[in-house]
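So the structure is just underneath, and the comments pick up after that.
In what follows, chains carry the letters A, B, and so on, assigned in the order in which the sequence lines appear, proteins first and then strands, with residues in each chain numbered from 1.
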Amino acid sequence: MSRESQAEQPAPSLAAYLGTLIVLLVLALAMTPVLWAVLSAFKSRADIFAGDVWPRRWSLENFEDLLAKTLYLRWMANSLVVALASTALGLLFCSLGGYAFAKFDFPGKTVMFWIVIASVSIPAFTTVIPLFGWLARLGLLDTYIVLILPFAANAFGIFLMRQYAVAIPNELLDAGRIDGAGEFRLYWSVVLPLLRPALGTVGVLIFIASWNSYIWPLVMMRTDEMLTLPVGVATLKSDQLPEYGMLMAASVLSSVPIIIAFLIMQRQFIAGLTQGAVK
Amino acid sequence: MLWPRLRRGLTPYLFLAPFFLTFIAFWLGPIIASLIYSFTDWRGFASPRFIGFANYSKLFADPRFWVALKNTLFYGVVYVTILNVSALALALCLDSLWLRFKNAVKVGFFLPVTISLVVAAVIFEMIFAKGVGLLNIVQKGLGLGEIDWLGDPRFSIWAIIILRVWRALGYYAVIYFAGLQGIPTDVKEAARLDGCSPWQVTRHVTLPLLKPVILFGVIMSTIWALELFDEPWVLTKGGPADSTLTIVIYLYQAGFQYVELGYAAAVSYVLTLMIVAIAIVQKLLSGREVA
């Protein structure tokens with residue numbers, strides 16, 4: 001008999017019923033803001049200010065306004081370009097570097113690795129101030145590069161890649177070398193495929209960090225056309241009379257891609273975000 | 001014979017170069033530079049001028065900095081306590097769950113984590129809104145008075161706490177749940193056979209074994225609490241009456257509204273030192289765990 005079925009055998013006790021009830025209750029509470037946002041996105045302005053929970057008339061005007069009157073699609077495109085490029089570059093940089101840390105011996109290795117690890121606990125905004133000054137002087141504010149590169153150099157990513165790369169058997173690498181493969185060839189066709197689980201985890205980490213980041217693009221982007229989704233959506237609310245319907249439409253639309261990605265890759269997402277917590 | 005050996009020796013450096021060049025340009029360099037700039041008067045395009053500890057003494061003399069520090073610490077203590085206690089309770093409930101759809105429940109709880117902080121803040125703008133907000137609709141339905149959550153300095157920080165706990169609860173519950181799953185069932189089984197009640201098993205067996213995970217949760221949430229910026233900035237810009245002014249908002253205003261970059265660098269280093277201190281405490285505590 002497996003452990004699984006053994007654990008499930010005892011009849012549910014009162015405590016188990018109570019626990020289940022609490023879990024479902026909290027789940028309902030957790031879902032409420034999301035449902036409220038969806039309902040409100042489909043309300044007309046009159047319905048919103050009437051203060052009803054349910055829309056009297058389902059209306060698409062909020063979405064139409066959002067797409068017609070704001071740069072929403074542009075912001076979405078910016079976010080996608082920046083997050084995808086950060087992820088792709090980050091995976092390349094971290095896997096190459098993590099593999100080097102795991103499988104090569106070279107002078108300075110230990111020091112370099114400890115510098116990377118120590119940097120993880122330094123808060124990101126410490127870097128924002130000098131970078132803002134430098135990038136402004138170089139005329140690099142308002143460019144995609146500024147939003148892409150910091151996320152590509154992900155210290156936690158290189159740490160995780162190293163962890164996975166250590167497990168690759170040396171014999172496999174040596175066999176490749178004897179067969180005459182160049183070092184990059186060896187990385188590309190032997191190491192990279194073996195790192196696939198780590199690639200998924202690190203990819204999710206970098207994508208989420210980039211997609212959700214706020215203070216960084218807020219500081220570095222100067223024109224409306226260059227804003228990313230979070231910054232753009234936040235600017236929509238600065239008017240005197242709040243356009244709640246449009247704000248909710250923007251919130252719902254900008255959450256859809258990441259929620260779909262989450263549902264498809266939830267195993268990877270949860271592994272990625274809880275990595276390091278439980279050994 | 002020399003060339004292949006040399007090439008072999010260069011390989012790791014070549015492989016590390018893309019990472020390290022961007023890492024130095026965007027992380028290591030700025031971290032060190034920030035410390036140096038914190039001893040200068042540096043405004044926008046003018047060159048930095050060395051002024052010793054002046055920024056730091058100005059900082060500690062500014063009552064608004066102390067307000068920001070007090071708000072951040074109050075928020076941090078309340079948020080970290082509520083979050084970790086309720087996440088742990090929720091994880092224990094999840095563990096006792098007899099439902100077959102444990103995984104679906106887990107995914108449901110995790111969903112708010114994927115929504116960006118800013119988007120979550122915008123959604124809660126309409127939950128806390130006066131008159132048309134969900135919370136006030138519910139309060140009216142229950143016969144309670146209306147609260148101007150975001151406009152009343154007594155409630156604004158609580159609005160931020162509610163929003164943050166909502167967003168993080170599922171994440172921490174899943175971490176604690178994963179920790180609980182890692183505890184071997186036979187240990188709990190043995191305690192139960194020895195006549196322990198479910199509560200005693202939890203109190204004396206499960207929780208002590210979970211200590212490293214709890215420590216991780218508390219430290220991580222404390223560090224993130226100290227970096228609070230997105231939600232109070234989006235919702236209240238630090239107001240009303242500085243009631244949601246946090247250290248990072250103070251830093252942002254100094255650096256990017258008043259463009260006193262040297263002063264802002266000093267603020268960032270005070271906060272960095274606080275966070276590094278917490279990280280060191282974590283190292284010490286978890287080090288003792290191993291020994």
Measure the spacing between CZ of B/Phe26 and CG of A/Leu131 and express it to the nearest 0.5 Å.
6.5 Å
Based on non-hydrogen pairs under 4.5 Å, which of B/Val107, B/Val276, B/Val259 is most in contact with chain A?
B/Val107
With a 4.5 angstrom heavy-atom cut-off, is it the side chain or the backbone of A/Leu29 that approaches chain B, or both, or neither?
backbone
Enter the distance from B/Phe20:CZ to A/Phe93:CZ here, rounded to the nearest 0.5 Å.
13.5 Å
Cut-off 4.5 Å, heavy atoms of chain B, and the answer for A/Ser251 is both
Any A/Ile129 side-chain heavy atom under 4.5 Å of B/Phe256 side chain
yes
So how far is it from B/Leu90 CG to A/Leu27 CG, rounded to the nearest 0.5 Å?
9.0 Å
Report which part of A/Ala118 has an atom under 4.5 Å of a heavy atom belonging to chain B: side chain, backbone, both, or neither.
neither
Test side-chain contact (heavy atoms from CB on, under 4.5 Å) applied to A/Leu35 - qualifying residues, sequence neighbours left out:
none
If you tally heavy-atom pairs under 4.5 Å between each of A/Leu92, A/Leu218, A/Leu229, A/Val231 and chain B, the highest tally belongs to A/Leu218
Are side-chain heavy atoms of B/Pro12 and A/Tyr99 found at a separation under 4.5 Å?
no
Toward chain B, the part of A/Phe106 with a non-hydrogen atom under 4.5 Å:
both
Side chains of A/Val34 and B/Ile123 in contact at under 4.5 Å (non-hydrogen atoms):
no
Contact class of B/Leu28 relative to chain A, heavy atoms under 4.5 angstrom:
side chain
Measuring heavy-atom distances to chain B, does A/Arg177 have an atom under 4.5 Å in its side chain, in its backbone, in both, or in neither?
side chain
Rounded to the nearest 0.5 Å, how far apart are CZ of A/Phe104 and OH of B/Tyr13?
12.0 Å
Which atoms of B/Leu235 approach chain A - backbone, side chain, both or neither, heavy atom under 4.5 Å
backbone
Need one label for B/Ala25: side chain, backbone, both or neither, based on atoms under 4.5 Å from any heavy atom in chain A.
backbone
Go through the steps to decide whether B/Leu111 and A/Ile259 satisfy the test side-chain contact (heavy atoms from CB on, under 4.5 Å), and finish with yes or no.
CA-CA 7 Å; B/Leu111 209 59; A/Ile259 288 178; 4.0 Å; yes
Which residues in residues 218-232 of chain B have a heavy atom less than 4.5 Å from any heavy atom of chain A?
B/Glu227, B/Phe229, B/Asp230
Run the numbers on B/Thr11 and A/Phe184 for side-chain contact (heavy atoms from CB on, under 4.5 Å), then give the verdict.
CA-CA 9 Å; B/Thr11 304; A/Phe184 186 78; over 6 Å; no
CE (B/Met126) and CG (A/Leu247) are apart, to the nearest 0.5 Å, by 9.0 Å
Can you tell which part of A/Ile48 gets under 4.5 Å to a heavy atom of chain B, answering side chain, backbone, both or neither?
both
Please state whether the side chain, the backbone, both or neither of B/Trp233 comes within less than 4.5 Å of a heavy atom of chain A.
side chain
Is any side-chain heavy atom of B/Pro30 closer than 4.5 Å to a side-chain heavy atom of A/Trp134?
yes
Quick check on B/Leu261 against chain A: is it the side chain, the backbone, both or neither that has a heavy atom closer than 4.5 Å?
both
Would B/Thr22 and A/Leu89 satisfy side-chain contact (heavy atoms from CB on, under 4.5 Å), going step by step from the backbone distance to the final call?
CA-CA 11 Å; B/Thr22 37; A/Leu89 273 187; over 6 Å; no
So for B/Val118, is it side chain, backbone, both, or neither that comes closer than 4.5 Å to the heavy atoms of chain A?
side chain
Can you say whether the rings of A/Tyr187 and B/Phe15 are parallel (under 30°), tilted (30 to 60°) or perpendicular (over 60°)?
tilted
d(A/Phe262 CZ, B/Thr114 OG1) to nearest 0.5 Å is 6.0 Å
Residue part contacting chain B, namely of A/Val26, when any heavy atom lies under 4.5 Å
both
Using a 4.5 angstrom heavy-atom cutoff, name the option from A/Ile208, A/Ile215, A/Val233, A/Ile258 with the most pairs to chain B.
A/Ile215
Does A/Lys237 use its side chain to pair, donor to acceptor, with the backbone of B/Val122 at less than 3.5 Å?
no
Do any of residues 246-255 of chain B come closer than 4.5 Å to chain A, heavy atom to heavy atom, and if so which ones, in number order?
B/Val248, B/Leu251, B/Tyr252
Contacting moiety of A/Val116, where chain B heavy atoms sit under 4.5 Å
both
Listed partners of B/Glu146 passing salt bridge (charged side-chain N to carboxylate O under 4.0 Å, His left out), at least two apart:
none
With side-chain contact (heavy atoms from CB on, under 4.5 Å) as the test, would you mind laying out the steps for A/Trp36 and B/Ile127 before giving the verdict?
CA-CA 8 Å; A/Trp36 174 249; B/Ile127 286 177; 3.4 Å; yes
Would you check if A/Val23 and B/Phe109 make a side-chain contact, meaning some heavy-atom pair closer than 4.5 Å?
yes
Any donor-acceptor pair under 3.5 Å linking the side-chain atoms of A/Thr126 with those of B/Ser268?
no
May I ask you to test the A/Ile122-B/Trp27 pair for a side-chain heavy-atom distance under 4.5 Å?
no
For residues B/Leu14 and A/Glu183, determine if any side-chain heavy atom of one lies less than 4.5 Å from a side-chain heavy atom of the other.
no
